[in-house]
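Model, not experiment: these values are computed from the prediction.
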2 protein chains.
Amino acid sequence: MKNALTFLQDHGIQPTAQRVAIAEAVLDNTTHPTAEEILVDAQKRCAIVSRATVYNALKLFVEKGMLRTQIIREGTVVYDPNTQNHHHFIDEESGTIIDIPWDWLKVQGKQNLEEYDIHEYQVILRGRKKR
Amino acid sequence: MKNALTFLQDHGIQPTAQRVAIAEAVLDNTTHPTAEEILVDAQKRCAIVSRATVYNALKLFVEKGMLRTQIIREGTVVYDPNTQNHHHFIDEESGTIIDIPWDWLKVQGKQNLEEYDIHEYQVILRGRKKR
DNA sequence: CACGAAATTAGAATTAATCTAAATCTTGAC
DNA sequence: GTCAAGATTTAGATTAATTCTAATTTCGTG
Ligand SMILES: [Mn+2]
Ligand SMILES: [Mn+2]
Ligand SMILES: [Zn+2]
Ligand SMILES: [Zn+2]
């Protein structure tokens with residue numbers, strides 16, 4: 001369980017009440033929430049937080065490397081507190097996005113991509129989670 | 001070079017002038033165009049085509065298996081006439097999306113995903129194309 | 001030709017995200 | 001302690017992708 005206040009300070013971010021509430025809403029959240037979902041959660045943490053502030057703060061958190069965005073859902077960006085390399089499984093029934101540990105999968109054949117300078121990659125899997 | 005008229009008929013789609021223009025705009029287009037880009041292209045092919053018809057037709061083409069959508073660009077869906085399994089490389093400078101042949105890469109370790117029923121997957125690579 | 005179904009359309013509506021410009025905090029220099 | 005400069009927050013306007021609506025046009029068939 002990450003301490004939001006410490007986490008903000010460690011990333012050189014001025015910790016305001018709003019930013020702490022937003023950080024708490026997203027840092028331990030493994031569901032890959034949208035900005036709107038983070039807004040709703042942050043507002044429950046008894047702070048006065050506007051939509052604009054949530055967008056501003058999330059953009060800042062991404063710039064500072066606290067979070068990443070993932071382009072994985074149609075129509076909306078999702079935020080990911082897992083900044084390590086990892087893959088994603090998307091449940092086609094529910095839309096749930098699940099982290100897959102980096103070392104569960106091995107991608108071979110990248111020597112075929114000599115003309116490409118690869119900065120990062122991931123496997124995106126779609127299907128149904130059993131049971 | 002695919003014949004748009006024949007292609008529509010083969011997929012059981014009534015070939016109207018608008019649909020032919022839209023199909024011509026997208027079928028040989030390897031750039032992963034957006035609906036808006038397809039609209040502009042289709043309108044050049046001297047047909048009267050509205051934005052609503054482009055969205056209607058693209059949705060139909062996807063339902064009929066002529067095209068796929070890819071969730072790969074922020075803020076907008078892109079259309080892909082390549083319906084075979086393949087991977088994608090995204091040039092971070094230009095935003096260009098490039099098809100990577102399926103057999104260039106091998107994903108190993110899927111036995112770690114026994115709890116998941118995988119319907120499809122792809123590798124998404126980001127970086128810079130050299131030269 | 002006539003008629004019902006299919007297709008097309010302009011524009012309204014919806015939604016995610018960004019922008020604007022004013023109000024409110026912080027902070028550090030004095 | 002005071003206060004200006006800069007940082008932060010905000011409501012509401014704006015933009016952009018997409019969908020919806022309801023009216024019009026076109027098509028296929030008898
Ligand atoms: Mn979500
Ligand atoms: Mn494009
Ligand atoms: Zn993730
Ligand atoms: Zn493709």
Side-chain angles (χ1 to χ4, degrees), chain A residues 4-5 8-9 11-26 31-43 45-64 66-80 95 97, chain B residues 4-5 8-9 11-26 31-43 45-64 66-80 95 97:
Chain A
L5 178 64
L8 289 170
Q9 287 167 339
H11 285 83
I13 296 169
Q14 189 64 29
T16 66
Q18 285 88 347
R19 285 171 177 173
V20 170
I22 295 162
E24 285 175 348
V26 73
T31 67
H32 303 84
T34 65
E36 189 67 27
E37 289 164 349
I38 294 163
L39 169 65
V40 169
D41 193 336
Q43 284 176 335
R45 294 167 194 277
C46 85
I48 291 148
V49 191
S50 72
R51 176 169 286 104
T53 294
V54 168
Y55 277 98
N56 290 343
L58 290 173
K59 189 180 183 194
L60 181 66
F61 294 177
V62 170
E63 279 166 16
K64 298 292 188 181
M66 256 176 69
L67 297 179
R68 317 190 29 170
T69 55
Q70 300 285 350
I71 310 301
I72 234 178
R73 272 189 48 178
E74 184 171 332
T76 183
V77 168
V78 303
Y79 293 86
D80 195 341
I97 300 166
Chain B
L5 179 62
L8 289 169
Q9 288 167 337
H11 285 83
I13 297 169
Q14 192 64 26
T16 66
Q18 286 89 346
R19 285 171 177 173
V20 169
I22 295 162
E24 286 175 348
V26 73
T31 68
H32 303 83
T34 64
E36 190 67 28
E37 288 164 348
I38 293 164
L39 170 65
V40 170
D41 192 336
Q43 285 175 336
R45 294 167 195 277
C46 86
I48 292 149
V49 191
S50 71
R51 176 168 288 103
T53 295
V54 169
Y55 277 97
N56 289 342
L58 290 172
K59 188 179 184 195
L60 180 66
F61 294 177
V62 170
E63 279 167 14
K64 297 292 189 182
M66 255 176 70
L67 298 178
R68 318 191 27 171
T69 55
Q70 299 285 351
I71 310 301
I72 234 177
R73 272 189 48 178
E74 186 172 331
T76 182
V77 168
V78 303
Y79 292 86
D80 196 340
I97 300 166

For DNA chain D, which residues of residues 53-63 of chain B approach it to below 4.0 angstrom with any heavy atom? Tyr55(B)
Look at all strands and tell whether Arg51(B) reaches a base, only sugar-phosphate, or nothing, counting heavy atoms closer than 4.0 Å. base
Which of these nucleotides, dA17(C), dT18(D), dG11(C), is closest to any side-chain atom of Val77(B)? dT18(D)
Sequence-aligned protein contact record of nucleotides 23-30 of chain D, with B where the base is within under 4.0 Å of a protein heavy atom and S where only the sugar-phosphate is: ----SS--
Going by heavy atoms in the side chains, are Thr34(A) and Val77(A) under 4.5 Å from each other? no
Here the side chain to side chain donor-acceptor pair (under 3.5 Å) pairs for residues 48-60 of chain A, sequence neighbours left out, are Glu36(A)-Arg51(A), Ser50(A)-Thr53(A)
Checking Arg68(A) now: which residues fulfil salt bridge (Lys or Arg N to Asp or Glu O under 4.0 Å) with it, not counting sequence neighbours? Glu120(A)
Arg19(B) side chain: which of dT9(C), dT8(C), dC19(C) is closest? dT8(C)
Nucleotide nearest Gln18(A) (side chain, heavy atoms from C-beta), chosen from dT9(D), dT9(C), dT18(D): dT9(D)
Distance check, rounded to the nearest 0.5 Å: Leu8(A) atom CG versus Glu24(A) atom CD? 9.0 Å
Considering only side-chain heavy atoms of Ile48(B), which listed nucleotide, dT9(C), dA16(C), dT10(D), is closest? dT9(C)
Is there a side-chain polar atom (N or O) of Thr34(B) under 4.0 Å from OP1 or OP2 of dA17(D)? no
Any side-chain to backbone donor/acceptor pair from Arg19(B) onto Gln14(B)? Under 3.5 Å, distance only. yes
Determine whether Ile97(B) and Arg73(B) make a side-chain contact, defined as any pair of heavy atoms from C-beta on separated by less than 4.5 Å. yes
Of all heavy-atom pairs linking Ala23(A) and Met66(A), the shortest is CB-CE, 4.3 Å
Axis bend over the full length of the helix from dC1(C)-dG30(D) to dC30(C)-dG1(D), computed from five pairs that close each end, to 10 degrees: 10°
Which atoms of nucleotides 21-25 of chain C (N or O only) lie under 3.5 Å from a protein N or O atom, and what are those distances?
none

Any donor-acceptor pair under 3.5 Å linking the side chain of Gln43(B) with the backbone of Val49(B)? yes
